[in-house]
Amino acid sequence: MNKTNENIKKCHKCLIKSNAANKLNFTELDELDESCVQVTFKASEIIFKQGALSSNIIYLSSGLVKIVIDGPNREQILKVIKAPCYLGIPTTVGDKINHYSAIALEKTTACFVDVSTFKNFIKLNSDFAYEVILDLCKNELDQFQRCVNLVQLQMHGRMAKQLLFFANEIYCSDEFELPLNRNDFANLLCSSREIVSKILSEFNNEGIISLNGKKIKILDKEKLQFIYQNG
DNA sequence: GCATTAACCACAG
DNA sequence: CTGTGGTTAATGC
C-alpha cells in the first residue's frame with residue numbers, strides 16, 4: 001500500500017474520473033482532491049474488510065477486484081469487478097460496517113474518498129447524484145441477472161456464461177488468463193473445484209476453448225453462447 | 001428402472 | 001494447487 005499523493009490537484013487532471021465525478025464543478029473537484037487519497041494494492045491484498053468500520057467511498061481507477069462475503073457456511077465470492085468503478089457505495093452508505101470484503105486480484109489502484117464529502121456532493125449536486133444512482137441501478141440489475149443464472153442454469157451453462165463474461169466484459173479479448181485459482185473460480189460459480197476442472201477440460205477436448213493452466217483462449221464463442229442459452 | 005447432474009472423497013502429480 | 005476417477009444422492013423421464 002503506497003501513498004501516491006505527490007501530484008497536487010490530481011483529481012482535476014484525472015483522466016479516468018467516474019461519470020459522477022465528471023459532473024463536479026471546479027470548486028467541488030478541489031474538495032474531492034482534498035478528501036481523496038490514492039492507494040495501490042498488489043494482487044491478493046485486502047482493500048477493505050467485512051466487519052471493519054468504513055468511512056470511505058472507494059473508486060477503483062485501475063485493476064481487478066473480487067468481492068467476497070462470509071456466508072453461513074463458507075466465504076462466497078459475490079462478483080469480480082473491473083476498474084474503473086466505484087467499490088462499496090452500498091457498504092459505506094448503507095451501514096457503518098462493511099458487509100463484504102474487497103480483495104485485489106491484480107495490481108490495483110484505488111481512490112479513498114471521505115464519505116462525508118461524497119454525501120455532500122449527493123446533496124448539493126443533482127447531476128452527480130443521478131450518476132451515482134445510475135451506477136447503483138446498473139449494478140443491481142447485473143446482480144439480479146447473475147443470481148437467476150446461478151440458481152437456474154446447470155454447471156455447463158454457468159461456466160459458459162462466466163467465460164463469456166471474462167472475455168467480453170473484463171478482458172475484452174477472447175484470450176485471457178484466469179485471475180482466480182480453481183477453488184475461487186468454483187466458488188464464484190457456486191460449484192466445486194472438481195467440477196470446474198472437469199468442465200474446463202471437457203470444453204478443451206471439444207475444441208470450444210484451449211486451456212493451459214489459467215490461460216484460456218475461446219475458440220468457439222457461438223458454441224459457448226449456445227451452451228449458455230440451452231443448459 | 002435408467003440416465004443425468006453434480007457433490008464429495010481419495011489419490012496422484 | 002490441479003486433474004481424474006469412483007461413489008453416491010437427487011431428480012426427471
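Order of the sequence lines sets the chain letters (A, B, ...), proteins ahead of strands, with each chain counted from 1.
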In whole angstroms, how far is the P atom of dT11(C) from the CD atom of Q154(A)? 14 Å

Ion pair check, D184(A) and K66(A), cut-off under 4.0 Å: yes

Will you find, in the side chains of H12(A) and D30(A), an N or O donor that is under 3.5 Å from an N or O acceptor? yes

So, is S192(A) near the phosphate of dA6(B), with a side-chain N or O under 4.0 Å from OP1 or OP2? no

Quick one: which residue pairs count as a ring pair (Phe, Tyr, Trp, His ring centres under 6.0 Å) with a foot in residues 132-151 of chain A, not counting sequence neighbours? none

Using a cutoff of under 3.5 Å, can you pull out all pairs of nitrogen or oxygen atoms linking the protein to nucleotides 1-8 of chain C, with atom names and distances?
from, atom 1, to, atom 2, distance (Å)
dT2(C), OP2, R182(A), N, 3.0
dG3(C), OP1, R182(A), NH1, 3.1
dG3(C), OP2, R182(A), NH1, 2.8
dG3(C), OP2, S197(A), OG, 2.6
dG3(C), N7, R193(A), NH1, 3.1
dG3(C), O6, R193(A), NH2, 2.9
dT4(C), OP2, S201(A), OG, 3.1
dG5(C), N7, K198(A), NZ, 3.3
dG6(C), O6, K198(A), NZ, 3.1

Does the side chain of I77(A) reach to within under 4.5 Å of the side chain of I67(A), using non-hydrogen atoms? no

Relative to the ring of F176(A), is the ring of Y171(A) parallel (under 30°), tilted (30 to 60°) or perpendicular (over 60°)? parallel

